[in-house]
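To find a chain, count down the sequence lines: A is the first, B the second, and so on, and within it residues start at 1.
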There are 2 protein chains.
Amino acid sequence: MASSNICSDCAVRDAALCGSLDDVELRALNSIGERRIYPRGSTIIWAGDESVICANLLSGMLKLATSTPDGREQIVGLLYPADFVGRPYAEEADHTVEALTDVELCIFPRRQFERVLDDHIRMERLLLQRTLTALQEARARMLMLARKSASEKVADFLLEMAAKVGASGCRPTPGGPLTFDLPLTRGQMADVLGLTIETVSRQLTRLKGAGIITLPGMRAVTISDRAALQAIAAAA
Amino acid sequence: MASSNICSDCAVRDAALCGSLDDVELRALNSIGERRIYPRGSTIIWAGDESVICANLLSGMLKLATSTPDGREQIVGLLYPADFVGRPYAEEADHTVEALTDVELCIFPRRQFERVLDDHIRMERLLLQRTLTALQEARARMLMLARKSASEKVADFLLEMAAKVGASGCRPTPGGPLTFDLPLTRGQMADVLGLTIETVSRQLTRLKGAGIITLPGMRAVTISDRAALQAIAAAA
DNA sequence: CGATTCGTTGACTGTACTCAAAATCGGTGG
DNA sequence: CCACCGATTTTGAGTACAGTCAACGAATCG
């Protein structure tokens, strides 16, 4: 049976929460888990719905968003492969989870996942540490959203993306220009940064004009002067 | 010895993390803990310093803040009695922790606290749940900081304060006007809301002018029209 | 090839920030 | 009790940054 050892070929086996489990434990988790693929743009969890699933993100990117009653949206987190999805120990889902790219998830029914958590201290401990880190990140983002200017936000975001996605990007010479594809549309970038589409676009063209970046394609970015970008992100 | 049963007269015994412990466990925690009092305005933890302590907040209020290199500050969390303070499993303190009022803390050396955590699953589980809740709160605050107007922010804040501190405030008739003291200065409110002092002040006078609140003293607030305040917080 | 989504650019507006001054509160000491 | 001082708050005038509205260009897809 394929499902009896889906973990063996898991791309994020070591990086994800399950990395803490031994083979016996893994089989237990295996029996309640299920791989599923969602196309880009699909909503995996709706905010306010009953919290029925948890998952590990195997590949692709997810966004985590909340919105005001009148429709203003804010992306409160971006999830990368091996990140944990969902909210154990709560009856309701806090945020809407949507696929930014095609994604592959390893899904567990929430209740059963909680039981595994209860039975496997190492896994729970890992989740605690991840959650503490996520909290720290969220708070850092609060500073950015509340106190940074549009140019700082955009520069900051480009650097973060360079760090996260840029690993796979192409860098001709070390320290030299780095090119990668943004996994987000301008509108999504705006939702992350607490700006509007127009402002994001303008800031990007400003950076292009200053010779700090180039925009070879709609989604592609090349960072040609990383130091300048860092200077902007830190201060002005 | 007083220290051998400091927990017995603890005001937050049931609400705090330690509420999960039985008497034997409590004695263990007792032996590494120590009560300490800090005057208002004192800094308990500096961001970036080595993370050496964790604590439970017994009484008073703490602020949790980060700032940009050039000095812009943002309060990323407010802590109330029974809340947990500090960052286990990290070498460095994430945020600066400062006393907004005189506070009483029950302090533990971080390393030793982590050991207690490791040995007492119930406590670790509680901490996980608290952290998940804090993460949810932080993300909700991200939405507010990034997407809400000044008037929404102030209205929101007043309602939150009414809920948190207002319990002890005086409410002549149920559903009627509620009066309480703000534990924060205008400047601190501005730091919470991502605004300036002047904007906070102006919004308060606007609310006063609209007959929704009155400001009997420098720190006191009376909410006379809660429904109107909620309407502002939700929408405009 | 047209339709649609996404991105850029422009002109204008408005909200919140900055700078500055006056008013109020709280405490101290004559 | 009152005068005085510093800190906090309020108010005012002017500015700037980012938002809004609108049009246009570019890319993608059927």
Side-chain angles (χ1 to χ4, degrees), chain A residues 39-42 63 68 70-74 98 100-102 144-158 181-210 213-221 232 235-236, chain B residues 39-41 68 70-74 100-101 144-158 181-210 213-221 232 235-236:
Chain A
R40 159 185 179 164
S42 49
K63 75 172 202 195
T68 54
D70 63 328
R72 284 168 283 175
E73 181 175 286
Q74 177 62 35
E98 196 183 307
L100 291 175
T101 64
D102 293 348
M144 162 157 125
L145 290 172
R147 298 296 184 193
K148 295 202 178 170
S149 68
S151 51
E152 288 172 295
K153 287 177 179 180
V154 170
D156 220 305
F157 180 79
L158 288 178
D181 273 345
L182 292 170
L184 281 70
T185 65
R186 299 286 185 267
Q188 289 164 340
M189 290 175 58
D191 284 345
V192 171
L193 300 173
L195 299 169
T196 57
I197 296 181
E198 294 93 326
T199 302
V200 171
S201 180
R202 274 187 252 269
Q203 291 300 330
L204 287 173
T205 43
R206 257 193 68 226
L207 289 174
K208 189 175 65 177
I213 63 170
T214 54
L215 303 168
M218 184 105 64
R219 286 301 184 78
V221 192
I232 294 175
Chain B
R40 161 185 175 160
T68 54
D70 63 328
R72 284 167 284 174
E73 181 176 284
Q74 177 62 36
L100 290 175
T101 64
M144 162 155 125
L145 289 172
R147 297 296 184 192
K148 294 202 179 171
S149 69
S151 52
E152 289 173 295
K153 286 178 179 179
V154 170
D156 220 305
F157 180 79
L158 287 177
D181 273 346
L182 293 170
L184 281 72
T185 66
R186 297 286 128 92
Q188 288 163 340
M189 288 175 58
D191 284 345
V192 171
L193 300 174
L195 298 170
T196 58
I197 296 180
E198 295 93 325
T199 302
V200 171
S201 179
R202 273 187 253 269
Q203 291 301 330
L204 287 174
T205 42
R206 257 193 68 226
L207 289 173
K208 190 175 64 178
I213 63 169
T214 54
L215 303 167
M218 185 102 63
R219 286 302 183 80
V221 192
I232 294 174

- [ ] Check the pair A:E98, A:R40 against salt bridge (Lys or Arg N to Asp or Glu O under 4.0 Å), reporting the backbone distance first and the verdict last.
- [x] CA-CA 8 Å; A:E98 196 183 307; A:R40 159 185 179 164; over 6 Å; no

Open item on the list: A side-chain contact here means heavy atoms from C-beta on lying under 4.5 Å apart; do A:F157 and A:L184 qualify?
Closed with: yes

Task: Close side-chain approach of A:I197 to A:T185, heavy-atom, < 4.5 Å - done: no

Task: Whole angstrom value for the distance that separates C1' of D:dC17 from CZ of B:R72 - done: 13 Å

- [ ] Please state how far atom CG in A:L204 lies from atom P in C:dT9, giving the value in whole angstrom units.
- [x] 10 Å

Open item on the list: Side chain of B:A150, heavy atoms from C-beta onward: which of C:dT18, C:dC6, C:dA16 has the nearest atom to it?
Closed with: C:dA16

Open item on the list: Closest-nucleotide mapping onto DNA chain D: is B:R219 or A:V200 further toward the 5' terminus? I mean the 5' end.
Closed with: B:R219

Task: side chain to side chain contact (heavy atoms under 4.5 Å, CB included) partner of B:L193, chosen from B:M144, B:Q74, B:E152 - done: B:M144

Open item on the list: Does C:dC17 have OP1 or OP2 under 4.0 Å away from a side-chain N or O of B:T199?
Closed with: yes

Task: Nucleotide of D:dA27, D:dC21, C:dA16 approaching A:E198 most closely (side-chain heavy atoms) - done: D:dC21

TODO: Indicate yes or no: does A:D191 engage B:R147 in a salt bridge with an N to O separation below 4.0 Å.
DONE: yes

Task: Closest to the B:R202 side chain, choosing from C:dT8, C:dT18, D:dT10 - done: C:dT18

- [ ] Rounded to the nearest angstrom, tell me the gap between atom CG in A:L182 and atom P in C:dC6.
- [x] 15 Å

Task: d(CG, B:L193; P, C:dA16) in whole Å - done: 12 Å

- [ ] Using whole Å, report how far CD1 of B:I197 lies from C1' of D:dG12.
- [x] 16 Å

Task: Closest to side chain of A:L195, choosing from D:dG19, D:dT10, D:dT11 - done: D:dG19

Open item on the list: Under 4.0 Å, heavy atoms only, any strand: does A:G41 hit a base, just the sugar-phosphate, or nothing?
Closed with: nothing

- [ ] Report yes if the side chains of B:I232 and B:V154 come closer than 4.5 Å at any heavy-atom pair, otherwise no.
- [x] no

Task: Proximal nucleotide (of D:dA27, D:dT9, C:dA16) relative to the B:R186 side chain - done: D:dT9

TODO: Specify the angle, to 10°, made by the local axes at the two ends of the helix from C:dG7-D:dC24 to C:dG30-D:dC1 when five pairs are taken at each end.
DONE: 30°

Task: B:S201 and B:E198: side chain donor to acceptor below 3.5 Å - done: no

Open item on the list: From NZ of A:K208 over to P of C:dT8, roughly how many Å is that when rounded to an integer?
Closed with: 7 Å

Task: Nearest to side-chain heavy atoms of B:T196, which nucleotide of D:dT11, C:dC6, C:dC17 - done: C:dC17

Open item on the list: Just the rounded figure in Å: distance from C1' of C:dG26 to CE of B:M218.
Closed with: 7 Å

Task: Nearest-angstrom distance from the residue atom CZ of A:R147 to P of D:dA18 - done: 14 Å

